[in-house]
Amino acid sequence: MEINALRKEFRKFQNLHFYDDLNSTGIKLLPFNFKRLNSGKELIISMVGDYLIAPYGTVEDLVNKNTSKLSEDLYYDLLSNHIISDSDNIKSLELLANRYRAKKTNAFNFAQLHIFVITLRCDHTCQYCQVSRVSQNKEKFDFSHLNLYKGINLMLASPEDDITMEFQGGEALLAFDLIKDAIAYTKEEAKKINKRINYVICTNLAPINSEILEFCKLENVLVSCSLDGHEELHNENRKRPGRNSYSLVEKGLNLSFEIVGRENVSALMTTTTLSLEHPIKIIDEYRKFGFKSVFLRPISPYGFATKNKNSNYQTNEFIKFYSEGLDYILELNRNGEYFKETYTSILLKKILTAYSENYVDLMSPSGLINSVIVYDYDGKIFLSDESRMLAQMKDFTFQIGTVNDSWETLLANPVIEKIGDAGINDCLAGCSTCAYNVYCGADPVVHHATQGDMYGFRPDSSFCQRNMSVLDIIFNKIDEEPDTLEIFKSWVNNE
Amino acid sequence: MNEEIKLSWKGKVEKSSSELFVGRVISKNFKNQETSIVVEGKDLKTNKIKQFYLDSSGREEEDCLSNIKGLNDIEVDDIISVRNSKVRSVYRTKSSNNFIFATIRCNSNCLMCSQPPLDIDDTLENYFIWDYAIDLLNDSPKHLTITGGEPTLLGERLVLLINKILNKFPDLLITILSNGRMLALDSMINTLSSIEVRRNVVFAIPLYSDVYKIHDHIVQAKDAFHQTCLGIHKISSLGFPVEIRVVLHKLSNPRLLPLSKFIHKNFPFVYHITFMGLEIIGYTKANKSQLIEEDSLMAEGNLQSSLKFLSSWKYNVSIYNTPLCHIPESLWSYAKQSISDWKNSFKPECEKCIVKKDCSGFFTWNIKYAEVKPILEEK
């Protein structure tokens, strides 16, 4: 860049045309993807996720460089949304690089979520779970102290300074003493190296009591529980002797609110075939407990779950369920009640802001390694929670080692190079040209599990169908319902 | 109607040995209709400490400027500079709106520039003046604006001044009014990275359109849009807060909402976005037909939707330099009164307006063009 402050002729005023970069070769197309909306309009999305809803025929005009057909405002919108460039050399390239980096920050991270499957023992026999064991055998199904401390040492040796340590099961609280030991050890070791650790216990709330909750309060441990819906549904999904899972959740939630405070308690639901008919009842159940959000979460399509009649539903059935639920939630918001659907909110943050959201299933590069790592009860280390479920079916593809290994050994596992390849959707057939590419993720584990290939085959990938459908629903609403966009914004703003 | 405050004076030089004198006013006397002022300071060429006299009478003496008009605006403890026959106010001790005038040079040439640039190099002189003026300051100003011309043209010397004053007054808030273009250069960013305390140094950078050529046309400089946009990214990544300033006129008004969306997507980290009324002074007078908005309904609607959009995303948004009767009541809460003492002028009709106390009034120089619609009673 030249500073021409001392040139007199520079002071002569020029007209707008003088500053136009367009030459006789016409506009240049920047990388973008596109899709037709229900209204016939065209959704155009830039490589950094800026979207534009344009009239029918816009993309064709762009491809043919037929810019005389575009209105001046649309032409300007295309320029400022980084969809076209007037100049041959892309002058906004460095700006776009910064924007792209902001969308892909997770690629520069290591796992922040470290899941410890503290025990495999459980008092429930849920429809969709193939992992847990109803057993008293602590020796066989609990973490040994030795392995636990080795796992914690590995967690603390990983590069991130802010780490979430999540205790899962089985039913994690059946090994509460072990959790206490783990937190005591972690606290002491983390202090020495100045790392900040947040703790989460995932529980069905059956074993919860005030002693446990007082501990959680003291140590700032978050409580995350399972709540599948209303009593009949919850008890049917989440079986336990006495069929009283729901009333235990109810009791446990109220006690948790009282002792650790609402802000430290969350709930998650899993959608089964039985849930599909009841989106509204499920949402009302969450409202009844005072929650401000629900995560309408499909079942993971793994082994045990897919063999069970109550877990084996089609994606379009789930989408119908999601769509009814979303409409009901939007209606609540229109009537002045703030309530949000979490999966939609994750996508909306990617759509409506310059930033991204670190949700494992919707990341590209995938969230394996750079978002999550799982330490199983027997000391095995997996790339994700789903990976250890596969291992229960004797598929150890995504086990990268054990707590006896060093990170150097663990990360040298050949599977990591593979997921590096298969985990970037810009390079996947069907994904690279998809309009939603920048908002979506790559999931090598799910595609390996369902299609026997980490790269996956999009036309019958349930992962693809579900995300495409959800994004279609979101964008058609943005296109057709201006008031819904305002509600969507409030979800992203977390108002 | 307020008078414009005088910031520079011309006098008659009798016999001065000094080429560049900077000093603090130590006394001011008014006798027989004449004002005489004693300044104590240093001749920056010879480094000699001495006294200098400013007089409205025809007094003839060494180290004295005589026949100066309007000396009343100079107060005891103010800092002034003298070069040849010209006196400049450097620091006004009673003002809450002091500024470092870094240079009159600029690498842009905005159609509505209120202080048109000159193609002379005054950067070294202005640096010397402020380098010494900082030594003379007793108390910290609350706030200091660094303006120009384009302050970043001072280069390393800008950093020296900022570090020097922040060293003396660590809590001082500084706003740098820069067009941001130089900030696209890695060498400039490197230089600015030597500023140690950054959180109190705000870069206030104008952006007039989301379309490169409209912005470039307004600032009359090719590629300025891309340089400014990249500059905003780079300066922010150094940890300096960034404010984006938008001047409202006929060329910026039509794409105000797309510009707001562009800011949200490309600069979501900015801490403040301000929309400012047009100053009818400097170049603006020559470019009035291009700049003065005729379609006030469109302009009002666009301003309204832009503010609604930006505040729905929780940005800190303000309107500056616009009287309340020129914007819809729904936007009054965004309108800020200017802290500049020469920007709060009112017309006689304004006296009967019930919201005058909350109003920014007009730029002194805008007042003869201004139309007012006094608000007479509660709506």
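Residue numbers start from 1 in every chain, and the chains themselves are labelled A, B, ... in the order their sequence lines are given, proteins ahead of strands.
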Ordered numerically, the heavy-atom neighbours of chain A under 4.5 Å found in residues 257-270 of chain B are B/Pro258, B/Phe262, B/His264, B/Lys265, B/Asn266, B/Phe267, B/Pro268, B/Phe269
Can you confirm if the aromatic rings of B/Tyr334 and B/Phe275 lie within a centre distance of less than 6.0 Å? no
Using atom types as modelled and distance alone, determine if a side-chain donor or acceptor of A/Lys350 lies under 3.5 Å from a backbone N or O of A/Glu357. no
Taking the side chain as everything from C-beta on, heavy atoms only, tell me whether B/Asn109 gets closer than 4.5 Å to B/Pro117. yes
Salt bridge check: are A/Arg36 and A/Glu42 linked by an N-O gap of less than 4.0 Å? yes
Taking every non-hydrogen pair under 4.5 Å, which of B/Glu150, B/Gln290, B/Arg255, B/His226 racks up the most with chain A? B/Arg255
Less than 6.0 Å separating the ring centroids of B/Tyr283 and A/Phe13? yes
Consider only side-chain N and O atoms of A/Glu486 and B/Ser312, and report whether a donor and an acceptor are under 3.5 Å apart. no
For residues B/His217 and B/Leu251, determine if any side-chain heavy atom of one lies less than 4.5 Å from a side-chain heavy atom of the other. yes
List the atom pairs, donor and acceptor, that lie under 3.5 Å between side-chain atoms in residues 90-98 of chain A and the rest of the protein, sequence neighbours left out.
residue	atom	partner	partner atom	Å
A/Lys91	NZ	A/Asp21	OD1	3.2
A/Lys91	NZ	A/Asp21	OD2	3.0
A/Lys91	NZ	B/Asp223	OD1	2.7
A/Glu94	OE2	B/Lys234	NZ	3.3
A/Asn98	OD1	A/Arg101	NH1	3.2
A/Asn98	ND2	B/His233	ND1	3.0

Under-4.0 Å salt bridge between B/Lys213 and A/Asp20: yes
Mark yes or no for whether B/Gln115, through its side chain, and B/Gly282, through its backbone, hold a donor-acceptor pair below 3.5 Å. no
Does either side chain, that of A/Ser39 or that of A/Asp479, offer a donor lying less than 3.5 Å from an acceptor on the other one? yes
Listed by residue number, which members of residues 47-61 of chain A have a heavy atom under 4.5 Å from any heavy atom of chain B? A/Gly49, A/Asp50, A/Tyr51
What do the steps show when you test A/Tyr436 against A/Lys35 for side-chain contact (heavy atoms from CB on, under 4.5 Å), and what is the final call? CA-CA 9 Å; A/Tyr436 300 138; A/Lys35 193 170 203 281; 3.5 Å; yes
What part of B/Phe225 gets closer than 4.5 Å to chain A, counting heavy atoms only: side chain, backbone, both or neither? neither
Which bit of B/Ile232 is near chain A, if near means a heavy-atom gap under 4.5 Å: side chain, backbone, both or neither? neither
Looking only at heavy atoms, which of residues 68-86 of chain A get nearer than 4.5 Å to chain B? A/Asp73, A/Tyr76, A/Asp77, A/Leu79, A/Ser80, A/His82, A/Asp86
May I ask you to say whether A/Arg334 pairs ionically with A/Asp483, meaning some side-chain N is under 4.0 Å from a carboxylate O? yes
Do side-chain atoms of B/Arg198 reach the backbone of B/Ser193 as a donor and acceptor pair under 3.5 angstrom? yes
